[in-house]
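Nothing here was measured: the structure is a model prediction, and the numbers come from that model.
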Amino acid sequence: MADLEADWSADSSEAVNISLVVPGKPLATFHPKFTYSIFGEEERIFGYQGLKINLKYHASDMRPVLQITYNKKFKAIGETEPTDLKPILEDFLPKTAFDKTAVFDAAIADASYAEWKPPGELWKTIQSGSQTFEVWRGSLSDLAVQQMVKRIQVLVPFFIEGGTLLDLDEPEWGLDRWTVFFLYQKKTENLEPSQSPYTFMGYSTIYRYFLYQPIASRGAPKGKRQRISHDANLDFKFPLPKITFPNLPCRSRISQFIILPPFQAGGHGSRFYNAIFDYYLADPKTIEITVEDPNEAFDDLRDLNDLVRLRTLAEFATLRINTTFQPRPKGPVPKNILDGDLLEKIRLKLKIAPRQFARVTEMQLLSLLPLGVRQSLMIEKKDAIQDLKARQHEYHLWQLWVKKRLYKHNRDMLMQLDRSERITKLEEALGSVEADYARLLRALDRRVTGPKGTNGKRTSPDEGDTGEPSAKKVKIAA
């Protein structure tokens, strides 16, 4: 009876401890953010008191070892029995994780680690002050890359909400569509004789989709759809030349992106994202770079780094709203508020997806408007603004441009509402979008100038907000 009254339920997120270790000492220990996909929606483990699930990783090659300890285990009563942890974790960890700790300790102390290098090939070396970071990349069809992914992909459900493991049993042609990037810090000082200079910081997986590109019909008026007709060409011989997927135009999609907690809020996410973006920007077969279902934190990182990248282009930095246009009280928003051809040229040059490019462009144009004209938490006297009426007109055109995109993106939902409700919803969405843009622009300003009290030290776009009121979530998709 005493056993039944005792507390035998443990918080699974608190019970799991993840550590990065080198021979003889730990470098960092942290808890997972999510455990529901492994231990159930309630994130509870029944049947133990003082439960500790210690998952240790060798900091370089991420070889894991699992240790499960507890003070007391529940004795089964009928069908009520403690959770059997090993079969659950076997679905997420390689077999070597269940070796004895002595085997793990002996393995990571091997002198060969002094010469160890990450799997794949070195893509980029990043120097930041006295610190050196390296980005390595490889195909998932590479056995060494596969081994690394098997070891670390339990981190996906631990740190990505709704994240799932990759299917490593696909045929080779399927695995070859996946590219894996690894972020490492490389140290050359204060190392033990058998210690690797590399410390694992995070990784990302990218999947290549075939991107169909229709051939424009010759002589067709611009923007007008016509049936494409071409003369048949029968000048070919069998067998046809072999066409491999890497030689086809594609959309490269960032699927998973993880920076381990000990390395977050230090600008490493931005460095890693930009290194990946640089690779696909230089890849002639990648036509567009996209992201799969990003969370809010990654959205912020992506928005700020895309904006910084775009601002390096003179044609984007000098982009302005056409203020000669006078909107009509009724009717569609005209296309000439901005130069659509120029926008598309810039977008294709930097391979940014249409919706993402539209959002970053809106943010850039908003940044050019005085705070006293647009919505802002900052107070600025309107009488200090030169050409106030002209800037208010520019702001009104900016609002129309954003509303046009919001309406197009949410048309099916909005058409179910009557006219007055549609107007109200669009106004609410516009206000939320503008507030969110203002929050991001303040974060970018702090990144460039440094917040007060930091002696001008640069912050990073993945450091989060500073406690200011955050924008309300847009109820219609932005």
Are [X] and [Y] ion-paired here, with the side-chain N under 4.0 Å from a carboxylate O?
{"X": "Glu315", "Y": "Lys349", "result": "yes"}
{"X": "Arg208", "Y": "Asp283", "result": "yes"}
{"X": "Arg309", "Y": "Asp278", "result": "yes"}
{"X": "Asp293", "Y": "Arg253", "result": "no"}

Could you tell me whether the side chains of [X] and [Y] share a donor-acceptor contact shorter than 3.5 Å?
{"X": "Trp123", "Y": "Glu121", "value": "no"}
{"X": "Asn17", "Y": "Thr29", "value": "no"}
{"X": "Ser12", "Y": "Arg44", "value": "no"}
{"X": "Asp306", "Y": "Tyr273", "value": "yes"}
{"X": "Asp61", "Y": "Gln147", "value": "no"}
{"X": "Thr290", "Y": "Arg251", "value": "no"}
{"X": "Gln256", "Y": "Thr205", "value": "yes"}
{"X": "Gln185", "Y": "Thr199", "value": "no"}
{"X": "Thr361", "Y": "Arg405", "value": "no"}

Hey, are the side chains of [X] and [Y] touching, using non-hydrogen atoms and a 4.5 Å cut-off?
{"X": "Leu183", "Y": "Lys124", "value": "no"}
{"X": "Thr125", "Y": "Leu122", "value": "yes"}
{"X": "Leu85", "Y": "Leu51", "value": "yes"}
{"X": "Met62", "Y": "Leu20", "value": "yes"}
{"X": "Leu260", "Y": "Ile18", "value": "no"}
{"X": "Tyr207", "Y": "Ser252", "value": "no"}
{"X": "Glu292", "Y": "Ser255", "value": "yes"}
{"X": "Arg347", "Y": "Glu288", "value": "yes"}

Exercise for review: Could you give me the CA-CA distance, side-chain angles and deciding distance for Phe74 and Trp8, then say whether ring pair (Phe, Tyr, Trp, His ring centres under 6.0 Å) is met?
Suggested key: CA-CA 7 Å; Phe74 181 80; Trp8 293 100; 5.4 Å; yes
So does [X] have more than 12 non-hydrogen atoms from other groups sitting under 6.0 Å from [atom1]?
{"X": "Lys117", "atom1": "NZ", "answer": "no"}
{"X": "Gln127", "atom1": "CD", "answer": "yes"}
{"X": "Glu192", "atom1": "CD", "answer": "no"}
{"X": "Glu42", "atom1": "CD", "answer": "no"}

Practice item. With Ile108 as reference, evaluate Ser60, Pro23, Ser196 under the side chain to side chain contact (heavy atoms under 4.5 Å, CB included) test and give the passing residue. Key: Pro23
Exercise for review: Carefully, step by step, assess Phe200 and Tyr184 under the rule ring pair (Phe, Tyr, Trp, His ring centres under 6.0 Å).
Suggested key: CA-CA 5 Å; Phe200 178 87; Tyr184 277 88; 5.7 Å; yes
Exercise for review: Go through Glu362 and Tyr437 one step at a time and tell me if the side chain to side chain donor-acceptor pair (under 3.5 Å) criterion holds.
Suggested key: CA-CA 8 Å; Glu362 292 162 5; Tyr437 288 169; 2.6 Å; yes
Exercise for review: For the pair Arg271 and Ser128, evaluate side chain to side chain donor-acceptor pair (under 3.5 Å) and give the outcome as yes or no after the intermediate values.
Suggested key: CA-CA 10 Å; Arg271 294 186 186 99; Ser128 178; 3.1 Å; yes
Review point. Of Phe257, Trp136, Tyr279, Phe277, which meets ring-ring contact (aromatic ring centres under 6.0 Å, His included) against Phe181?
Key: Tyr279
Practice item. Evaluate the side chain to side chain donor-acceptor pair (under 3.5 Å) criterion for residues Arg311 and Ser367: first the C-alpha distance (whole Å), next the side-chain angles of each, then the deciding distance (0.1 Å), finally the verdict. Key: CA-CA 12 Å; Arg311 282 179 172 179; Ser367 73; 3.2 Å; yes
